[in-house]
Asks: 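I have a structure here, written as C-alpha cells, and I will follow up with some questions on it.
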2 protein chains.
Amino acid sequence: MAKNPIDPTGDACSEVDRSVLEGLVGYHLRRAQAAVFEDFRKTMAAEKITPGQFGVLALIGANDGLSQSALARALGIERSTMVAVIDGLETRGLVDRRASETDRRSNELTLTPTGRTLTAKLGPMVEDHEARMAEGLDADEKAILVDLLKRVGAGA
Amino acid sequence: MAKNPIDPTGDACSEVDRSVLEGLVGYHLRRAQAAVFEDFRKTMAAEKITPGQFGVLALIGANDGLSQSALARALGIERSTMVAVIDGLETRGLVDRRASETDRRSNELTLTPTGRTLTAKLGPMVEDHEARMAEGLDADEKAILVDLLKRVGAGA
DNA sequence: TATTGTTATACTCTATAACTATA
DNA sequence: TATAGTTATAGAGTATAACAATA
C-alpha cells in the first residue's frame, strides 16, 4: 500500500513519536488550519477564490462603502496587504473602488453586480465546506470550538 | 487615540459588521493561528526559530535517525519542502544528515550537541508561549480545544 | 516500479518602510 | 501631525513536476 504522502491526522505515521507536540495548541492549530485551507481551496477551485478573498467579498457585501483600511483592520491584516487583494478582485470585476466624497484619501468599496452574484453563490459552497470540516463535530461542539478559538491568543 | 493597526480579536472594529464570518470555523481558525504564530515569532525572535523549525527539531530529538521523508509525512508537509528546512538547520549546525547504512537513498537525521542544547532550551519557552496563548482557558478547555482541533477536517 | 533526496519554479499570505495626497 | 492608499521589497510557508540514485 502506498502511503498517503500527506496525512492530515498523521495517524498513519505511527512509527514516528509525536508525543512532544501532542499537547501543543499551536501545533494542532496549524494542522487543522492547513486541512481546512486545503479543502477550501479545492471547494473553490472553479471559482478561484481563496479564504482571504472570500472574507473580503463577504465583508464588503455586508458593509457597502467600507474603506480599505477599515476592511484590513476588521480582518486583522495590514492595509498595504489589502491593496493587492482589492487589485485582484477589481481586475476580475468583482469589486469597485469608488472615491469617497467626504474624504478624498479614502476609497469606498462596493461589490459589482458580478461580485454580488458570485458572493451569493459562494455562501452555500462555504457552508458545505464548513459542514465537511466539522463533520465529526455536533452543533454544540462546533460552537464550543468557535468560542475557544476566539479566546485563544486574545490576551497576547 | 490611535487605533491598533492589527487587532487580534477585532473587538475594536465594532463599526464593521462581521456577522457573516462569525459562525465560520475556518475564519476563527485563521485568526487564532495568526495570533499564535505571531506570539511564537516574538517569543523565539532571539533564537530565530519558527514554529515549523521547532516542530522539526522536537521530532528529530524524539526520533533520532528519522528520515526526511518520514519527518515530512509526520508533519504533514511535502518532502521537497523539508529539504530547505533541513538545509537551514544543518547550516546553523543544529541538525546532522547522516547517510543511512541500510538504505543509501535515505538520510538519518540527528540533532547535533548544539541542536540538542537549543531544543532543550526551547521547550520551556514554548511552554510559556503556550500558557500565554491559553491564558483565558482552563486546563479542561485547553484539552477540549486540542481534541476538537484534532477532529477538524479529519474526514476531508 | 516505487521511494529518497533534490532542484527548479511558482504561488499565497503576510509584513515593514517609505512615498503621496489628503485631512 | 495623522491617516488612506500605494509601491517596493522581503520572507515565511507551501506545492508541483521532474530528475538521479537506489531499492
Side-chain angles (χ1 to χ4, degrees), chain A residues 1-6 8 26 29-31 33-38 40-42 44-45 48-56 65-73 75-90 95 97-109, chain B residues 1-6 8 26 29-31 33-38 40-42 44-45 48-56 65-73 75-90 95 97-109:
Chain A
M1 166 197 115
K3 220 168 280 177
N4 204 335
I6 293 197
L29 220 35
R30 185 175 74 81
R31 298 295 298 248
Q33 220 250 332
V36 169
F37 191 99
E38 176 61 12
F40 192 104
R41 202 187 56 75
K42 279 181 190 156
M44 301 304 185
K48 292 209 190 303
I49 291 290
T50 65
Q53 288 173 327
F54 172 73
V56 165
L66 194 65
S67 74
Q68 293 182 201
S69 289
L71 179 55
R73 269 194 305 271
L75 287 171
I77 64 173
E78 285 294 324
R79 68 189 200 284
S80 62
T81 303
M82 187 58 70
V83 175
V85 178
I86 301 298
D87 282 351
L89 296 174
E90 193 178 36
V95 166
R97 281 172 164 114
R98 192 170 60 191
S100 166
E101 293 176 1
T102 54
D103 183 343
R104 277 156 52 197
R105 292 171 303 183
S106 130
N107 293 329
E108 292 174 351
L109 302 172
Chain B
M1 166 197 117
K3 219 168 282 179
N4 204 337
I6 294 196
L29 221 35
R30 184 175 74 80
R31 298 296 298 247
Q33 221 250 333
V36 169
F37 191 98
E38 176 61 13
F40 192 105
R41 203 187 56 75
K42 279 181 191 157
M44 301 305 185
K48 292 210 190 302
I49 291 290
T50 64
Q53 289 172 326
F54 173 73
V56 165
L66 194 66
S67 76
Q68 292 181 202
S69 288
L71 179 55
R73 269 195 306 271
L75 287 171
I77 63 174
E78 285 295 324
R79 68 188 198 286
S80 61
T81 304
M82 186 58 70
V83 175
V85 178
I86 301 299
D87 282 352
L89 296 174
E90 194 179 35
V95 166
R97 278 173 166 113
R98 192 170 59 189
S100 166
E101 293 177 1
T102 55
D103 183 343
R104 277 156 51 198
R105 292 171 303 183
S106 130
N107 292 329
E108 292 174 350
L109 302 171

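Residue numbers start from 1 in every chain, and the chains themselves are labelled A, B, ... in the order their sequence lines are given, proteins ahead of strands.
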Asks: Could you say whether B:V85 or A:R97 is positioned toward the 5' end of DNA chain D, judged by the nucleotide with the nearest heavy atom to each?
Replies: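 Nearest-nucleotide comparison on DNA chain D picks A:R97.
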Asks: Evaluate the criterion side chain to side chain contact (heavy atoms under 4.5 Å, CB included) for residue pair B:L75 and A:R30; output intermediate values, then yes/no.
Replies: CA-CA 10 Å; B:L75 287 171; A:R30 185 175 74 81; 4.0 Å; yes
Asks: Name the residue closer to the 5' end of DNA chain C, choosing between A:G52 and B:D87 according to the nucleotide with the nearest heavy atom.
Replies: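 So the residue in question is B:D87.
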Asks: After noting the C-alpha distance and the side-chain angles of B:I86 and B:L71, does the key distance pass the side chain to side chain contact (heavy atoms under 4.5 Å, CB included) rule?
Replies: CA-CA 10 Å; B:I86 301 299; B:L71 179 55; 4.1 Å; yes
Asks: Closer than 4.0 Å, any side-chain N/O of B:S69 to the OP1 or OP2 of C:dT3?
Replies: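 Checking C:dT3 against B:S69, no side-chain N or O comes under 4.0 Å of OP1 or OP2.
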Asks: Rounded to the nearest Å, what distance is computed from the CD atom of residue A:E78 to the P atom of nucleotide C:dT16?
Replies: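 Atom CD in A:E78 sits about 5 Å away from atom P in C:dT16.
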Asks: CE of B:M82 versus C1' of D:dT16: gap in Å, rounded?
Replies: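 Checked: the CE to C1' distance equals 17 Å.
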Asks: Would one find a side-chain N or O of B:R104 under 4.0 angstrom from OP1 or OP2 of D:dT22?
Replies: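 For D:dT22, OP1/OP2 do have a side-chain N/O of B:R104 under 4.0 Å.
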Asks: For the atom pair CD (A:E78) and CZ (A:R73), what is the distance rounded to the nearest 0.5 Å?
Replies: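 Here the interatomic distance stands at 11.0 Å.
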Asks: Between A:D87 and A:R97, does a side chain to side chain contact (heavy atoms under 4.5 Å, CB included) hold up when you go through it step by step?
Replies: CA-CA 9 Å; A:D87 282 351; A:R97 281 172 164 114; 2.9 Å; yes
Asks: Which is more 5' along DNA chain D, the nucleotide nearest A:A34 or the one nearest A:Q68? Just name the residue.
Replies: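 Looking at the nearest nucleotide for each, A:Q68 comes out on the 5' side.
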Asks: Report which part of the nucleic acid B:R79 touches: base, sugar-phosphate, or nothing (heavy-atom distance under 4.0 Å, all strands).
Replies: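 If one applies the 4.0 Å heavy-atom cut-off, B:R79 turns out to touch a base.
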Asks: Of the options D:dG5, C:dC13, D:dA2, whose atoms approach the side-chain atoms of A:S106 most closely?
Replies: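 The nucleotide sitting nearest to the side chain is D:dG5.
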Asks: Is any side-chain N or O of B:S80 closer than 4.0 Å to OP1 or OP2 of D:dT16?
Replies: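 B:S80 to D:dT16 OP1/OP2: no side-chain N or O under 4.0 Å.
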Asks: To the nearest angstrom, how far is B:R31 atom CZ from C:dC13 atom P?
Replies: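 To the nearest whole Å, that distance equals 15 Å.
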Asks: Round to the nearest Å and state the distance from B:L66 atom CG to C:dG5 atom C1'.
Replies: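 Nearest whole value for this atom pair: 14 Å.
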Asks: Picking from C:dA2, D:dT14, D:dT7, which would you name as closest to the side chain of B:I77?
Replies: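 My answer, after comparing the listed nucleotides, is D:dT14.
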Asks: Map A:E101 and A:T50 onto DNA chain C by nearest heavy atom, then report which one ends up closer to the 5' terminus.
Replies: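 Comparing both residues, the 5'-ward one is A:T50.
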Asks: Provide, to the nearest angstrom, the distance between the CZ atom belonging to B:F37 and the P atom belonging to D:dG13.
Replies: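 The answer, rounded to whole Å, is 4 Å.
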